[in-house]
Engineer: 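Please find one structure pasted underneath; my questions will follow.
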Amino acid sequence: MKVRILVSFKDSVLDPQGQTVRNALHTLGYDAVQDLRQGKVFEVELAGVDRAAAEKLVPEMASKVLANPIIEKYTWSVIED
Amino acid sequence: MKVRILVSFKDSVLDPQGQTVRNALHTLGYDAVQDLRQGKVFEVELAGVDRAAAEKLVPEMASKVLANPIIEKYTWSVIED
Amino acid sequence: MKIGVVLFPGSNCDFDTIHAFKEVLGKPTVPLWHKDHDLQGVDAVILPGGFSYGDYLRSGAIARFSPLMQEVREFAAKGRPVLGICNGFQVLLELELLPGAMLRNKNLKFLCRHVSIKVENEKTRFTRKARKGQVLNIPIAHFDGNYYAPPETLKAIEDGGQVAFRYCEPDGSLSEASNVNGSLHSIAGLINKAGNVCGLMPHPERASEKILGSEDGRFILESLVESL
Amino acid sequence: MHDEKTLRQHNVTNEEYALIQSLIGHDPNLTELGIFSAMWSEHCSYKSSKVYLKQLPTRAKNVVQGPGENAGIIDIGDGQVVVFKIESHNHPSFIEPFQGAATGVGGILRDIFTMGARPIALMDSLRFGPLDNARNRSVMEGVVSGISSYGNSIGVPTVGGEVVFDECYSLNPLVNVFCLGLADKDKLFFAKTEDVGNAVLYVGAKTGRDGIHGASMASQEFGEDVEVKRPNVQVGDPFKEKLLLEACLEVMARRIIVGIQDMGAAGLTCSTTEMPAKSGQGVDIDLDQVPQREKGMTPYEILLSESQERMLIACRPDQVKAVQAAFAKWDLDAVEIGKVTGDGQLKCRFHGELVVDIPVGAVVDLCPAYHRPLAEPAKGNAAAADVAEPADLGGAFKALLSSPTIANKEWVYRQYDHMVLVNTMVLPGAGAAVLRIKGSKKALAMTLDGNGLYTQLEPRAGGKIAVAEACRNLACVGARPIGVTNCLNFGNPEKPGVMGQFKEAVEGMSEACRAFDIAVTGGNVSFYNETEGVPIFPTPVLGIVGLVEDTDTVVGPGFKDEGDRILLVGETKDELGGTEYLKVVHGREDGEAPSIDLARERAVHEVVLDAIESGWVKSAHDPSDGGLAVCAAECAFHSEGRLGCEIDLDGAGPAERTDARLFGESQSRILITASRENAVLIAGMAAERGVPASVVGKVGGDLIKFSRRGKAVVEIPVAAAREMWMSAIPDFFAKK
Ligand SMILES: Nc1ncnc2c1ncn2[C@@H]1O[C@H](COP(=O)(O)OP(=O)(O)O)[C@@H](O)[C@H]1O
Ligand SMILES: [Mg+2]
């Protein structure tokens, strides 16, 4: 099964990279862009894991390894069964 | 409206970051992880844009600015209307 | 006395650090392999600069899981000295041996240059050879040195005298310009509550010989050596 | 028999095809054709340049290895050698600036550590289009961050280089990267297999479909089909390369292998033919054993992939286990993919079938060398002399200080870790970088130099001046040149005009190297630097390495003490052709390149070197882009207290024009400072040797001041001038 984990800065943490991208888009005339935040995405292929197991495994990997809870938050979803 | 754009290396392109993270997860005993690819996610707040306009605007921004079509691909979706 | 420098895959200031302790200060110094579970009886552990595991996930994030880190945690818990330089500081943050986290430098670029840092707490085993407020000229070389901690943590750090070094002007004053990477409160180096774990972004090993332009890094390295 | 279209796609001419058939004794299958296409590409075979490169002086007492290996090697005494080389990564860096430049760094590093040397320094020579164009800025941003990301991560300092801007590089930027390594003379390694029966091991990253035919891409012009060629760019993995570096140096130090080569251009093909060819052997390779990143790869793809961070190793059968264990320590696999054979053939098997069977010698050594048609290059006009002197010379001076080619390059080198390995004594910013050699009194100096516009105006002079200027940069820090590498960036060699420029530039370089008694130990030729038929300026970039016997004697460019005398060694003539002044202030890129007398040039260096070694010199810097005025200003900017200077332009040679005295780029000049007493000694020594040298001014104050016939012609506070010089490049990026 395949899961997708999105990691991004907490709202309380400044995202200068996102701001730079937003500014670049503005310069190019994409004025509709109000706000932009940049994060990381991990697409993970898991073998021999069912939904129930994933519910336990993925949050553990995400909070222990993939995200730093001081500055980052994550969400995840199953994208392929 | 809010859209999410996921950018990652094309499948044929090496993803050193993803590989290193996968190896780290293996070392930690997460053997279920078969494969892992790392990419970027952009969450963009668009003002005064309806779905039809977004269908035109987002792919343009993504291919011109957010992704480098030589080595990267992208997908996108609306996450808030 | 024996000093140990940990070699992670991707460390690149490991041998510079060994050179500084061994050749410049003349102290017995050994490399410690990250896959081992053996601190070889050293009296101080140094986590050197570099790009452990390419810094691919986050700076220092993967190195934290190295086998040897188990021993380093225990060593630190016993009150023995651990010094993290640059990437080593980032590893200490990821290990939660020091509070907070690192963000990208404020200009979003790698930054290599000499900076002025001020000794904020001169009572530690890493700073005792310097005076309070003394300004040291030491180079930095990093991409992620923009120190961040949530407000409560930051307050505790300040109240507890845990700020070891701050970026400053050559005269010791603080300014936005001298805070080269955008760190909260211009923090360049921290110490834990117990006073035995220290992390800093500047590279004292690059400023320990006259031929390299500055010897100010010796205040830090010699303080540690003297405390052993 | 392949059709016309297949041959064109492979860049193989009908004559070359016929030659291939006769050399291998059968019609090549597609995989075999692919192998010849890559190995006989301009990039790998040097077929257009070989006949001229032969003229370069490649022998000298200190040469351990000249051209022909992955890098050149020079003996520096005490059992140590330096290993160095320069490579271009122009085409990939235009297509994908970050990854293109990053993998360029990765490639040149492998060339150095394959020889058993630990890389200790990188330099980069960069050419971009003007910064008022957003696309040029983004190319520059990408290239610089690519170099920084790879070099910083692997932990080799980028200690110097050059950045030049001109319209001709807008659609064809130049990215040349130099690397130098240090080794013990008795610990060197070479690309060979030695005996029949030896094992062939593959180590490093897995092979993917990336970069197939990169070598042929670098051997073609960019047309409108740039898009189609895009997948040729690879992603670099500096972390993997760091592991590879440490593991390779370890197996070499332990001598448990017999030969090694990196897989760069033409990938597995190049290493599996060159290594056995050097030992007069063949190899039998099982392609199924090659670690692959993707499913279903064909033999063609496996052999021609240019995936990065891979090496090929030959070792004795009894060493295989030990080698594998050594790589495992660094989390790398070493996979046995074949054996050395005695028949001189490259044999490749795939799913049990023989898919390649060709003589390695034919692939490696028998590519035809071409005497391509030449046309005499157009000569520069003498017209530059007719420009009017501007009334406001101060304004011209400011314009030059803010010209990105002249302006301070901190924006670039702050992004490079230039101090890691704790050897860098003279940091970026001076003309040459200086690195101490640990455990000795000696130091290494190194510099990259080249001037495309001079070479465009007069190719022979451009070649000579590039060598002279590089040596001059070394003299300024107190180093004597010991060896040369070079990267020749030119247009399409099938055009007689381009080939004519090439021939003359190489002849100029040869002559200058002979004048300095230094040998060329290798280099690189990058042709086809054209987009839609428009070539760049022919741009030879010289990388010259120098030696300092005693680190205590090293001097820098910054003024030292108030009251010191400023001496100009050499003289200023009425030479404005090809100058940055003519371009920036008058909008012209024409005229004749500055004249150069190589004997005089060397005599000037000798005077300065002897004065430095006598301890008489406090600072030294050479006037180049922007002339004497910019040179003196830079000495002020580099001084600790921001010391100013007063210079009297009357005493600096025969030039009539004041603008030529200020901004002209006459060669063979060095500006030095010394105490009043020592200035007299230096002038005396120069006079004895027939070298013009005169005191032209004094250090001090907070102004940069030039006067002519008793009247100040330029006068500006050091701080204000420095601000313009510092902010010019960052301002372009802030404006975005
Ligand atoms: N401009 C040059 N001057 C001197 N030698 C050169 C020059 N260009 C290439 N060479 C030498 O020719 C040889 C070509 O070998 P090869 O291995 O094909 O080069 P590369 O490793 O650059 O692909 C190398 O030894 C290289 O140093
Ligand atoms: Mg090579």
Side-chain angles (χ1 to χ4, degrees), chain B residues 3-49 53 55-76, chain D residues 91-100 102-103 106 134-135 138-139 142 146 149-150 153-154 204-212 217 226-244 291-297 301 305-310 330-333:
Chain B
V3 300
R4 173 182 293 151
I5 302 151
L6 299 175
V7 176
S8 62
F9 283 134
K10 290 180 181 167
D11 293 335
S12 58
V13 173
L14 178 73
D15 172 21
Q17 313 212 23
Q19 283 197 3
T20 307
V21 175
R22 192 201 57 184
N23 294 346
L25 289 168
H26 283 179
T27 319
L28 291 172
Y30 295 110
D31 296 321
V33 176
Q34 285 289 296
D35 195 20
L36 183 152
R37 291 190 69 89
Q38 182 175 339
K40 288 182 252 181
V41 50
F42 300 91
E43 295 197 350
V44 187
E45 181 75 52
L46 296 170
V49 172
E55 296 283 351
K56 217 185 132 275
L57 183 66
V58 176
E60 193 185 308
M61 291 192 321
S63 59
K64 259 172 91 168
V65 183
L66 306 179
N68 180 346
I70 300 151
I71 46 176
E72 292 170 326
K73 57 178 190 188
Y74 71 89
T75 58
W76 70 281
Chain D
H91 291 83
S93 300
F94 181 55
I95 296 177
E96 215 302 305
F98 181 96
Q99 297 295 349
T103 51
R135 173 152 193 195
S138 96
V139 170
S149 112
Y150 210 105
S153 175
I154 201 163
K206 292 192 167 97
T207 298
R209 286 200 175 91
D210 43 358
I212 290 168
M217 169 177 78
V226 172
E227 301 288 327
V228 187
K229 292 186 180 134
R230 285 183 159 172
N232 283 332
V233 175
Q234 303 101 19
V235 168
D237 184 353
F239 173 55
K240 171 111 348 127
E241 179 130 318
K242 169 74 172 164
L243 302 180
L244 208 49
Q292 291 159 45
R293 206 169 72 226
E294 294 176 67
K295 292 203 178 78
M297 289 185 70
E301 290 169 329
S305 159
E306 293 186 5
S307 289
Q308 300 288 298
E309 290 95 19
R310 304 178 300 160
W330 294 97
D331 302 320
L332 295 167
D333 289 332

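Computed from heavy atoms alone, side chains included, the values below leave out hydrogens, waters and symmetry copies. Order of the sequence lines fixes the chain letters, A, B, ..., with proteins taken first and strands second; residue numbering starts at 1 for each chain.
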Engineer: For the residue pair Gly236(D) and Pro16(B), what are the closest heavy atoms and their distance?
Structural biologist: O-CG, 3.7 Å
Engineer: In terms of heavy-atom proximity below 4.5 Å to chain B, should Phe239(D) be classed as side chain, backbone, both, or neither?
Structural biologist: side chain
Engineer: Tell me, side chain or backbone of Gln99(D) under 4.5 Å from chain B's heavy atoms, or both, or neither?
Structural biologist: side chain
Engineer: Any side-chain heavy atom of Ser12(B) sitting closer than 4.5 Å to one from Glu294(D)?
Structural biologist: yes
Engineer: Is the number of heavy atoms from other residues, nucleotides or ligands within 6.0 Å of CG (Asp35(B)) greater than 12?
Structural biologist: yes
Engineer: Distance check, rounded to the nearest 0.5 Å: Ile71(B) atom CD1 versus Ile95(D) atom CD1?
Structural biologist: 11.5 Å
Engineer: Pick from Arg293(D), Glu309(D), Lys206(D): which one has the most heavy-atom pairs with chain B under 4.5 Å?
Structural biologist: Arg293(D)
Engineer: Looking at CD of Glu72(B) and CD of Glu96(D), how far apart are the two atoms once the value is rounded to the nearest 0.5 Å?
Structural biologist: 7.5 Å
Engineer: Side chain from CB out, backbone as N, CA, C, O: work out which of these in Gln17(B) comes under 4.5 Å of a heavy atom of chain D, or both, or neither.
Structural biologist: neither
Engineer: Measure the shortest side-chain to side-chain distance between Ser307(D) and Leu14(B) over non-hydrogen atoms and say whether it is less than 4.5 angstrom.
Structural biologist: no
